[in-house]
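Bear in mind that the values here come from a model prediction, so they are computed numbers and not experimental data. Note on naming: letters A, B, ... go to the chains in the order of the sequence lines (proteins, then strands), and numbering restarts at 1 for each one.
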Protein chains: 2
Amino acid sequence: MAPDVFTVLADPTRRRLLGALASGERTVNDLVAGVDIEQPGVSRHLRILQEAGFVFVRPDGQRRWYSLRTQPFDALVDWMHGLAQDQAGRLERLAALIEVSKGPSPKGRRR
Amino acid sequence: MAPDVFTVLADPTRRRLLGALASGERTVNDLVAGVDIEQPGVSRHLRILQEAGFVFVRPDGQRRWYSLRTQPFDALVDWMHGLAQDQAGRLERLAALIEVSKGPSPKGRRR
DNA sequence: TGTATATATACACGTAAGGAAATGTATTGG
DNA sequence: CCAATACATTTCCTTACGTGTATATATACA
């Protein structure tokens, strides 16, 4: 079963992979060069990231180009937003940190 | 050694505890009622949350009142902000999600 | 004082996650 | 075709994590 967003982001290697993908599309070998584990480990992490929706794969011959997807971050932001809402005005700092939209919809999950 | 923010938030019970604390100060027994593990488990989670700065403890007789702290969320938001910056205009959606301030250096957590 | 309550700590255990090494599969190039 | 390259998958092992039970500590109460 696909693990939740928090579990996926808990692994430091996976966060490094996402960081590497932030600057653009990368192949597996590109990503292997940036971390300190072997290629099979990277492939396994990429599979987890893919199943969680964090990455998109574009096969191109024998290469596979991975790119970053932002949708899973919604769950993260939504959860923090929920915390801030429960806190009302108690901890405005958190609310300010994750304030994203001024629209009337309190949940903000459109499309 | 104190685990990082992502690792702390990876546990669903800890997230539920933070959610319970979002509505105000709670004692350990209060929190035990909201989750499905025994009291020692809750105390252990609270210790982890405390060491990571997520909660503040106010001893009051035999009770211990726990409350939420927002500072550790900074690391989370900073990391996402860093991702969005590396992406520049490539994925404006993520950038929009975590956009928090128009200031030049809101928190100054740079690598 | 002694006992109950509130919470923390110690111990033991099962499970799940991450890694290395080996192997499998697809694609390119000679 | 055959070899090399790029990547995925499998297997095995080790370690770390969360949990329950039991116990310790501290405070209230009678």
Qualifying residues under ring pair (Phe, Tyr, Trp, His ring centres under 6.0 Å), relative to B:F54, sequence neighbours excluded: B:F73
Mind calculating the distance between CZ (B:R63) and P (C:dA6) to the nearest angstrom? 6 Å
Side chains of A:I48 and A:D11 in contact at under 4.5 Å (non-hydrogen atoms): no
B:T27: what forms a side-chain hydrogen bond (donor to acceptor under 3.5 Å, both in side chains) with it, not counting sequence neighbours? B:D30
Here the distance between atom C1' of D:dA8 and atom CG of A:L49, to the nearest Å, is 15 Å
Please confirm whether the shortest side-chain N or O distance from B:N29 to OP1 or OP2 of C:dT5 is below 4.0 Å. no
Atom pair distance, as rounded to whole Å: CG in A:L31 and P in D:dC7: 9 Å
Would you say a side-chain N or O of A:R64 is under 4.0 Å from OP1 or OP2 of D:dA6? no
Atom pair distance, as rounded to whole Å: CZ in B:R47 and C1' in C:dA6: 17 Å
Report, as a single string ordered 5' to 3', how protein heavy atoms within less than 4.0 Å touch nucleotides 11-26 of chain C: B base, S sugar-phosphate only, - not at all. -------BBSBB----
Please report the distance, rounded to the nearest Å, between CD in B:Q50 and C1' in C:dA8. 11 Å
Using whole Å, report how far CG of B:D60 lies from C1' of C:dT7. 13 Å
May I ask you to verify if any side-chain N or O of B:Y66 is less than 4.0 angstrom from the OP1 or OP2 atom of C:dA8? yes
Apply side-chain hydrogen bond (donor to acceptor under 3.5 Å, both in side chains) to A:Q62 and list each qualifying residue two or more places apart in sequence or on a separate chain. none
With a cut-off of 3.5 Å and sequence neighbours excluded, list every side-chain donor-acceptor pair involving residues 37-45 of chain A.
{"residue": "A:Q39", "atom": "NE2", "partner": "A:S43", "partner atom": "OG", "Å": "3.0"}
{"residue": "A:H45", "atom": "ND1", "partner": "A:R14", "partner atom": "NH1", "Å": "3.1"}

Quick one: list whatever passes side-chain hydrogen bond (donor to acceptor under 3.5 Å, both in side chains) with A:T13, sequence neighbours left out. none
